Visitor: 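Take a look at this one; I'll ask things after.
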Amino acid sequence: MSSALAGTIPLLRASVKHDGRGFAPWIVIATALSASSVLVYPWIFPDQQDRAGLATAVGANPAIGLIFGPAFDLSTVDGFNAWRSLALGGFLAALGVIFAVTRATRGQEDSGQAELLASGVLGRASRLLAGVGLAFVGSVLLGVVAAVVTGLCGGEWEPSLLLGSTFTATGWMFASVAAVAAQIGSDSRTANSIAVGALGVMFILRGLAYSVTAPEWTIWINPLGWMTETRPATGNHWWPLWYALAFTIVLLGVAFALQARRDFGVGAIAPRPGPARGKDRSTWKLVVRLNRGPLITWTIAFLALGVVFGYFTTSITDILGSDSAVKQVLAAGATTPDALVSAFLVTVLSLVGIIAAVPGVQTMLKLRTEELEDRVEPLMATKVRRPRYYASNVILALGAPALYIVIAGTVIATLASSADIGVEFGDALLQGAATIPAVWTVIAVSVAVVGARPAVSLAAWLGVLVSFVLTLLGPTFKLWDWILAISPFWHIPNVTVSDADWTGLVWITVVTGFFLVIGFVGFRRRDLAR
């Protein structure tokens with residue numbers, strides 16, 4: 001056993017030194033999420049009336065709870081921080097460790113770095129242990145920094161420390177998930193997809209379980225449900241963290257068992273060999289083939305999302321009826337059940353649109369990866385022109401998400417129209433179609449970044465991040481309209497009302513065209529792989 005782990009400590013030390021900086025963005029974002037909640041809450045919601053209004057707004061749109069989880073107590077600073085940060089902070093911690101583990105394991109095998117390391121005094125299991133160790137260190141650092149900064153900003157210490165501990169525990173759990181995925185996937189991209197897919201499924205099911213008041217066992221079979229049940233500020237339960245530790249140990253045992261039995265550079269899911277001679281005679285066919293796996297995966301994912309969100313939509317009247325604050329608003333005549341259902345549908349389909357933008361951005365970043373691995377320059381040496389090649393990628397990046405929205409929107413419309421909630425199939429489907437221009441605007445940001453300034457490719461995700469924050473959190477924080485209007489999803493009309501304003505879609509289409517022009521001009525003029 002000792003020979004299998006030989007060289008782990010020096011390798012872990014080198015990994016922390018060279019790759020530890022990769023955790024910095026995740027630590028900063030998670031800490032800012034928690035600390036800003038503590039700082040901003042007393043200013044935006046200074047009295048009980050404002051806080052009661054917040055609780056009513058959250059209860060009136062359960063789609064928000066699908067992402068942020070249950071609002072156990074919005075009348076205190078720490079209760080609000082737990083609602084806003086617990087689920088999202090854990091999600092960020094999980095993403096950070098997934099990328100770190102796969103980069104330190106399958107990523108090194110893909111690049112050839114692992115072979116160089118193996119040529120020295122290094123045990124078979126050392127790279128996996130070092131990668132997991134790096135993730136553990138990063139998770140602890142994220143939890144400690146978030147907890148301490150939140151406490152110093154005014155949060156009570158026990159809820160703040162418990163919140164930070166859930167971030168760390170979530171990171172540890174998904175470090176073990178990523179370790180297993182790294183043994184299953186044929187390369188780092190596949191391993192990342194498996195681990196992130198598992199995270200996404202657990203995240204959505206956790207939100208759904210709380211939003212529709214599902215049986216209690218649906219919460220306890222989900223590791224993310226354990227973290228929610230810690231209930232910082234309203235229960236301060238530390239014992240679910242032991243479940244997280246047990247989960248981590250079991251999956252790490254599975255990962256090391258799989259690692260000991262697989263061949264170097266090969267996963268349980270082996271890639272199929274390509275044809276003896278290439279069959280692609282156009283840039284479009286080449287781009288589709290390169291992205292064929294993700295296209296199939298995302299199509300299945302959006303079918304599943306359509307079912308989940310469609311079922312969620314059919315339960316809207318029961319969900320709203322269980323909120324006493326919403327009942328008081330309806331009784332006062334401030335709004336109507338139809339208006340609440342309509343607003344809920346707009347939010348759900350906007351959320352589908354934000355998720356649909358993710359594969360579009362991934363398609364553009366895949367182009368950048370092909371470029372950095374010197375597979376684009378040989379194409380440019382032939383008769384293929386740069387605009388033609390770039391256009392093939394852009395068309396797929398814009399077209400595939402539009403198809404995903406149509407798929408999910410059709411399923412949601414079918415389920416919603418079959419329930420007695422006052423939603424027509426045509427209106428629901430049209431509402432989904434109305435989100436497509438906003439999705440294209442978000443993806444166009446990545447087109448501009450990859451085309452003109454690929455060195456800052458992380459900025460390709462800026463549109464997704466801004467849209468998510470402003471669409472789901474902006475109204476809750478009473479942000480001004482001119483700030484909310486930065487998100488293209490703010491301009492989506494509610495098609496169910498008679499006086500729907502469609503001019504916003506015209507403006508965001510103009511913005512989309514502007515970003516596309518920047519991307520095409522930049523890609524045509526800049527050096528490749530720079």
Side-chain angles (χ1 to χ4, degrees), residues 33-34 37 54-76 78-94 159 162-163 166-167 169-170 173-174 198-237 239-241 243-244 247 304-305 307-327 340-341 343-345 347-348 350-352 354-355 412 415 421 468 472-473 476:
L33 181 69
S34 179
S37 300
L54 170 65
T56 301
V58 171
N61 202 333
I64 297 177
L66 190 67
I67 299 300
F68 297 99
F72 294 118
D73 181 15
L74 295 177
S75 63
T76 65
D78 293 290
F80 172 78
N81 183 34
W83 169 74
R84 183 174 179 246
S85 306
L86 182 63
L88 276 186
F91 186 84
L92 293 169
L162 179 56
L163 183 66
T166 63
F167 294 167
T170 304
M173 287 193 295
F174 282 91
L199 172 61
V201 169
M202 292 183 195
F203 189 82
I204 293 296
L205 291 180
R206 175 207 54 82
L208 184 65
Y210 282 104
S211 298
V212 300
T213 317
E216 191 172 357
W217 63 266
T218 61
I219 295 172
W220 291 106
I221 64 170
N222 188 338
L224 293 182
W226 307 339
M227 298 299 94
T228 305
E229 286 301 311
T230 57
R231 302 196 180 197
T234 56
N236 291 327
H237 302 148
W239 53 267
L241 299 180
Y243 290 178
F247 178 88
L305 280 177
V307 173
V308 171
F309 288 168
Y311 171 74
F312 194 33
T313 303
T314 61
S315 307
I316 181 61
T317 53
D318 294 334
I319 298 170
L320 294 176
S322 64
D323 194 302
S324 59
V326 175
K327 290 180 181 177
L340 289 178
V341 171
F344 171 77
L345 185 63
T347 304
V348 165
S350 294
L351 180 57
V352 171
I354 294 172
I355 298 173
I412 293 172
L415 294 175
I421 58 174
F468 178 83
L472 294 180
L473 279 179
T476 303

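Note that the structure is predicted; figures quoted are calculated from it, not measured.
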Visitor: Specify the closest pair of heavy atoms between Phe468 and Ile354, including all atoms of both residues, with the distance to one decimal.
Guide: CA-CD1, 3.9 Å
Visitor: Below 6.0 angstrom between ring centroids: does that apply to Phe91 and Phe68?
Guide: no
Visitor: Would you say the side chain of Phe309 lies within less than 4.5 Å of the side chain of Leu66, judging by non-hydrogen atoms?
Guide: yes
Visitor: Working to the nearest 0.5 Å, report the span between CG of Leu205 and CD1 of Ile221.
Guide: 8.0 Å
Visitor: Which atoms form the tightest heavy-atom contact between Thr314 and Leu415, and what is the distance?
Guide: CG2-O, 3.3 Å
Visitor: Got Leu224 and Leu199 here, is their nearest side-chain heavy-atom distance under 4.5 Å?
Guide: yes
Visitor: Check the surroundings of atom CH2 in Trp217: do more than 12 heavy atoms from other residues, nucleotides or ligands lie under 6.0 Å from it?
Guide: no
Visitor: Give me the atom names and distance for the closest heavy-atom approach of Ala93 to Phe167.
Guide: CB-O, 3.5 Å
Visitor: So, taking the atom named OG1 in Thr230 and the one named CG in Leu86, what distance separates them when rounded to the nearest 0.5 Å?
Guide: 5.0 Å
Visitor: For side-chain contact (heavy atoms from CB on, under 4.5 Å), just list the numbers for Thr228 and Arg206, CA-CA rounded to whole Å, side-chain angles, deciding distance to a tenth of an Å, and then say yes or no.
Guide: CA-CA 9 Å; Thr228 305; Arg206 175 207 54 82; 3.3 Å; yes
Visitor: Check the orientation of Trp220 and Tyr243. Use parallel for under 30°, tilted for 30 to 60°, and perpendicular for over 60°.
Guide: perpendicular
Visitor: Taking all non-hydrogen atoms of both residues into account, name the closest pair between Ala233 and Gly79 and its distance.
Guide: CB-N, 3.6 Å
Visitor: Please give me the minimum heavy-atom distance between Ser85 and Leu33, naming the atom from each residue.
Guide: OG-O, 3.5 Å
Visitor: So which heavy atom on Glu229 is nearest to which on His237, and how close?
Guide: O-ND1, 3.2 Å
Visitor: Report the residues that fulfil side-chain hydrogen bond (donor to acceptor under 3.5 Å, both in side chains) with Ser34, sequence neighbours left out, ordered by chain and then residue number.
Guide: Asn81, Thr150
Visitor: Report yes if the side chains of Ile412 and Val352 come closer than 4.5 Å at any heavy-atom pair, otherwise no.
Guide: yes
Visitor: When you measure from the side chain of Thr218 to the backbone N and O of Pro215, does any donor-acceptor pair fall under 3.5 Å?
Guide: yes
Visitor: Going from CD1 on Ile204 to CD1 on Ile67, what distance comes out if it is rounded to the nearest 0.5 angstrom?
Guide: 5.0 Å
Visitor: Any side-chain donor paired with an acceptor under 3.5 Å for Asp73 and Ser75?
Guide: yes
Visitor: For the atom pair CZ (Phe312) and CG (Leu208), what is the distance rounded to the nearest 0.5 Å?
Guide: 6.5 Å
Visitor: Return yes when atom CZ of Phe247 has more than 12 non-hydrogen atoms of other residues, nucleotides or ligands closer than 6.0 Å, and no otherwise.
Guide: yes
Visitor: Within this structure, what is the CE-CE distance for the pair Met173 and Met227, rounded to the nearest 0.5 Å?
Guide: 4.5 Å
Visitor: Could you state the interatomic distance from CZ (Arg231) to CG (Asn236), rounded to the nearest 0.5 Å?
Guide: 11.5 Å
Visitor: Taking atom CZ of Phe72 as the centre, report whether more than 12 heavy atoms of other residues, nucleotides or ligands fall under 6.0 Å from it.
Guide: yes
Visitor: What pairs with Arg84 under side-chain hydrogen bond (donor to acceptor under 3.5 Å, both in side chains), at least two apart in sequence or on another chain?
Guide: Ser36, Ser37
